[in-house]
Amino acid sequence: MPPESPALDALLACPSGLLDMTFDQMRTLLVVHETGSALKAARALGREQSSVQKQLDTLNRNSQALCGEVLTVRQGRGRPYLFTPTGQATVELARTTFAKWLESVHRSRRRLGRMLTVGTTEFTLPIVSRAWRRVQEEFQQREVEFRVAHVRTKDLWSRLETRQFDLICGSIVSTPEGDQRLKEYEVVEYARGQALLLTNLPEPELPDTPVETSRLPGIPLVVPPAGLVADLLATWYGPNFRDRLTVVADIDDVHYGLSLLRSGFVRGCMIVTGSIGRGMAAQEDPDAVPLRAIGLRDDLEPKAELMTGAFVRRADLERYDADHPLNRLWAAVKEDVRTYTPVA
């Protein structure tokens, strides 16, 4: 007889209804919760609606037997499923379970060198592309799964800190004091410089001479709520920078800001990186309002620059040997920066 164990006794005494619940059923429940209906869930899962409904019925029967309450209630044609309190709790438990299991699988695959996940902003994708070409043949021979995912600049830090990626390429605000958040990371710097003002204002109203950053409160600005430019403005004017600036439009991304300025619906300026500013100002469109790129001269403290680079956790590099795919990719990034010529 095995020794008495409360943990073992609890496992052996699990109700059959609980043991019958599968990952597939939990996933179906989550998809129904996200989409609102069995029909939409079936389309998302590539199944028949009857198959999804059968799983929901099974989950409801088991939940009724276990807890005394079903998980979901149909409210009629065209109305989303109602999730009971037990259903909501089960959804959160299923979501957490999936996240932990997937993270565990990814962690094991990374440890064994079977998978790498790289995050990149739209404008730093070429960095990853060039590094990938250096290791592509080797990784394919070793059957390393290489994934690249889009990361918005405003999410860069959170994605790094939550370990969703092995390596990230993007841009951050750099000051002489440095960023304490980088103390645990290795960094390969690709470019550094001042931002530019991209404007549709005529030259008599805003001359081509560099604009001091201390003058920004008197200039009409198109401003994003978060991201690189917001970090830059917060460095100069504090977290409540919007209260100190003349904000004429809010934007979610740089493309919409460019469209606003080119349309002429908004008259003002947008702070952008040097490469974007020069590239957009050089484009000729007879049907659009012309744009000019004007330099910014930083006369505020602390001084701030935009730095573009690649970031990886130092502990991850040290955890694996030099032949591990992460170290091989990092070596490719470091080699690439030696031959990279930034756009003037």
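Just the heavy atoms: all of them, side chains too, but no hydrogens, waters or symmetry mates, feed the values below.
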Considering all heavy atoms, the nearest [X]-[Y] contact:
X	Y	value
Tyr237	Pro217	OH-CD, 3.0 Å
Ile271	Leu296	CG2-CD1, 4.3 Å
Gly257	Val222	CA-CG1, 4.4 Å
Glu122	Pro126	O-CD, 4.4 Å
Arg292	Leu201	NH2-O, 2.7 Å
Arg328	Ala322	CD-O, 3.6 Å

Under 3.5 Å donor-acceptor, [X] side chain and [Y] backbone:
X	Y	answer
Glu212	Arg297	no
Asp336	Ile127	no
Arg314	Lys183	yes
Asp166	Leu116	no
Thr308	Gly170	no
Arg244	Gly238	no
Arg262	Leu291	no
Thr35	Lys40	no
Glu138	Val135	no
Asn200	Gly268	yes

Same apolar cluster: [X] and [Y], side chain cutoff 4.5 Å:
X	Y	result
Leu82	Val32	no
Val223	Val266	no
Val31	Leu93	no
Leu306	Val337	no
Ile251	Leu233	no

Answer whether the closest heavy-atom distance between the side chains of [X] and [Y] falls below 4.5 Å.
X	Y	answer
Leu56	Leu29	yes
Arg74	Tyr81	yes
Ile219	Thr246	no
Tyr190	Cys169	no
Glu34	Arg95	yes
Val248	Arg267	no
Val229	Val272	no
Met270	Leu261	yes

To the nearest 0.5 Å, tell me how far [X] [atom1] sits from [Y] [atom2].
X	Y	atom1	atom2	value
Trp236	Asp299	CH2	CG	9.5 Å
Arg313	Glu184	CZ	CD	9.5 Å
Thr235	Leu300	OG1	CG	10.5 Å
Asp155	Thr121	CG	OG1	11.5 Å
His324	Leu329	NE2	CG	11.0 Å
Thr213	Lys303	OG1	NZ	6.5 Å

Going through the checks in order, is the side chain to side chain contact (heavy atoms under 4.5 Å, CB included) test met by Leu182 and Ile172?
CA-CA 11 Å; Leu182 284 176; Ile172 63 171; 3.7 Å; yes

Which residue in the set Arg61, Gln53, Gln55 passes side chain to side chain donor-acceptor pair (under 3.5 Å) when paired with Asp57?
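Passing option: Gln53.
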
Apply side chain to side chain contact (heavy atoms under 4.5 Å, CB included) to the pair Leu228 and Val173, showing each step before the final yes or no.
CA-CA 7 Å; Leu228 190 65; Val173 174; 4.1 Å; yes

Apply side chain to side chain contact (heavy atoms under 4.5 Å, CB included) to the pair Val254 and Thr273, showing each step before the final yes or no.
CA-CA 10 Å; Val254 65; Thr273 62; over 6 Å; no

Can you confirm whether [X] is buried at [atom1], in the sense that more than 12 heavy atoms of other residues, nucleotides or ligands lie under 6.0 Å from that atom?
X	atom1	answer
Phe23	CZ	yes
Glu137	CD	no
Phe98	CZ	yes

Could you check Arg242 against Asp250 for salt bridge (charged side-chain N to carboxylate O under 4.0 Å, His left out), going step by step and ending with a plain yes or no?
CA-CA 10 Å; Arg242 297 177 60 84; Asp250 295 298; 2.5 Å; yes

Would you check if there is a donor-acceptor pair between the side chains of Ser259 and Ser263 at a distance under 3.5 Å?
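Side-chain D/A pair, Ser263 to Ser259: absent.
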
Cys269: which of Leu196, Leu198, Leu206 passes side-chain contact (heavy atoms from CB on, under 4.5 Å):
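By the side-chain contact (heavy atoms from CB on, under 4.5 Å) criterion, Cys269 pairs with just one of Leu196, Leu198, Leu206: Leu206.
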
Any chance you could lay out the side-chain hydrogen bond (donor to acceptor under 3.5 Å, both in side chains) test for Asn60 and Gln64, step after step, and finish with the verdict?
CA-CA 6 Å; Asn60 278 335; Gln64 181 72 55; over 6 Å; no

Using 30° and 60° as the class limits, which term best fits the ring planes of Phe146 and Trp132: parallel, tilted or perpendicular?
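The arrangement is parallel - the two ring planes meet at less than 30°.
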
Test log, rule side chain to side chain contact (heavy atoms under 4.5 Å, CB included), inputs Phe123 and Thr153
CA-CA 10 Å; Phe123 303 104; Thr153 303; over 6 Å; no

Stepwise salt bridge (charged side-chain N to carboxylate O under 4.0 Å, His left out) check, Lys54 with Glu48:
CA-CA 10 Å; Lys54 183 178 180 180; Glu48 295 294 329; over 6 Å; no

